[in-house]
*Asks:* 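Have a look at the structure that comes next, please.
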Amino acid sequence: KYGILLLTLLTTADVDDATRLAAGITFKNFIKRNWGETKEDDNEKICQSDRQAMKQNIVGLMLSLPEKLQRQLSDAISIIGRRDFPDEWDSLLPELVSHLKDPSADFHKVNGIL
């Protein structure tokens, strides 16, 4: 639940920017240390339900955050994607493409996706 709590902290608007940035960096490092590059590396350090919840929410969350926080989640998405895409995260590419095709997508969102 640690990763989910960090993501929740990122979405809490009444938390100061420095704390949110620290939560973003901590989340990225948590993913880097615990996601594993292969299935054999995982050792279930992060339970499957938490993995699914993070993958379902991380792209939309990243696109809703300021650039400093966006960079941290972008790095985490890259780490997760290297391990899980496409076999265990087949929704990643369609989600990214749908955000790119969104006519209301501003530069901030497009930059975050790229």
Side-chain angles (χ1 to χ4, degrees):
K1 301 293 180 202
Y2 183 65
I4 301 295
L5 292 173
L6 289 170
L7 289 177
T8 302
L9 186 58
L10 286 171
T11 63
T12 307
D14 59 339
V15 173
D16 66 271
D17 290 345
T19 302
R20 291 174 73 195
L21 181 58
I25 293 168
T26 302
F27 178 78
K28 175 190 68 177
N29 291 334
F30 171 73
I31 294 299
K32 191 181 293 187
R33 290 185 187 106
N34 295 293
W35 203 273
E37 290 186 30
T38 65
K39 288 182 183 182
E40 293 76 30
D41 293 340
D42 287 343
N43 295 323
E44 290 299 317
K45 292 179 183 176
I46 302 172
C47 71
Q48 287 301 319
S49 63
D50 283 359
R51 286 173 181 261
Q52 285 305 113
M54 285 185 249
K55 289 189 287 190
Q56 287 172 355
N57 295 301
I58 195 169
V59 172
L61 175 59
M62 177 193 69
L63 296 176
S64 71
L65 294 172
E67 186 177 347
K68 286 181 182 179
L69 297 173
Q70 212 176 54
R71 278 188 244 137
Q72 303 308 315
L73 291 190
S74 177
D75 287 350
I77 289 170
S78 294
I79 294 164
I80 296 167
R82 277 193 299 271
R83 159 61 173 74
D84 286 6
F85 181 79
D87 297 333
E88 294 178 35
W89 197 6
D90 59 351
S91 65
L92 175 61
L93 192 56
E95 184 175 3
L96 293 173
V97 169
S98 74
H99 285 290
L100 281 173
K101 288 183 175 180
D102 182 357
S104 67
D106 59 8
F107 175 77
H108 175 75
K109 280 188 175 183
V110 172
N111 191 41
I113 293 168
L114 299 176

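Only this structure's heavy atoms are used, side chains among them; waters, hydrogens and symmetry mates stay out.
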*Asks:* What pairs meet the salt bridge (Lys or Arg N to Asp or Glu O under 4.0 Å) rule with one or both residues in residues 63-73, with sequence neighbours excluded?
*Replies:* E67-R71
*Asks:* List for me each residue that meets ring pair (Phe, Tyr, Trp, His ring centres under 6.0 Å) alongside Y2, sequence neighbours excluded, and say none if there are none.
*Replies:* F30
*Asks:* Applying salt bridge (charged side-chain N to carboxylate O under 4.0 Å, His left out), name anything that partners D102, two or more places apart in sequence or on another chain.
*Replies:* none
*Asks:* Going by side chain to side chain donor-acceptor pair (under 3.5 Å), name the pairs with one or both residues in residues 20-29, residues two or more places apart or in two chains.
*Replies:* K28-Q72
*Asks:* I want to check something: taking the side chain as every heavy atom from C-beta on, are L63 and V59 in contact at a cut-off of under 4.5 Å?
*Replies:* yes
*Asks:* For D90, what residues pass the side-chain contact (heavy atoms from CB on, under 4.5 Å) criterion, not counting sequence neighbours?
*Replies:* none
*Asks:* Suppose we screen for side-chain hydrogen bond (donor to acceptor under 3.5 Å, both in side chains). Which residues come up paired with Q52, at least two apart in sequence or across chains?
*Replies:* K55
*Asks:* Suppose we screen for side-chain contact (heavy atoms from CB on, under 4.5 Å). Which residues come up paired with I58, at least two apart in sequence or across chains?
*Replies:* F27, L73, A76, I77, I80, W89
*Asks:* In Å and rounded to the nearest 0.5 Å, what is the CG to OG distance from D84 to S91?
*Replies:* 10.5 Å
*Asks:* Applying side-chain hydrogen bond (donor to acceptor under 3.5 Å, both in side chains), name anything that partners Q70, two or more places apart in sequence or on another chain.
*Replies:* H108
*Asks:* If the condition is side-chain hydrogen bond (donor to acceptor under 3.5 Å, both in side chains), which residues does T19 pass it with, not counting sequence neighbours?
*Replies:* D16
*Asks:* If I compare all heavy atoms of T12 with all of D14, which pair ends up nearest, and what's the gap?
*Replies:* CG2-OD1, 2.7 Å
*Asks:* Taking side-chain contact (heavy atoms from CB on, under 4.5 Å) as the definition, give me every residue that meets it alongside D50, ordered by chain and number, with sequence neighbours left out.
*Replies:* K1, I4, I46, C47, M54
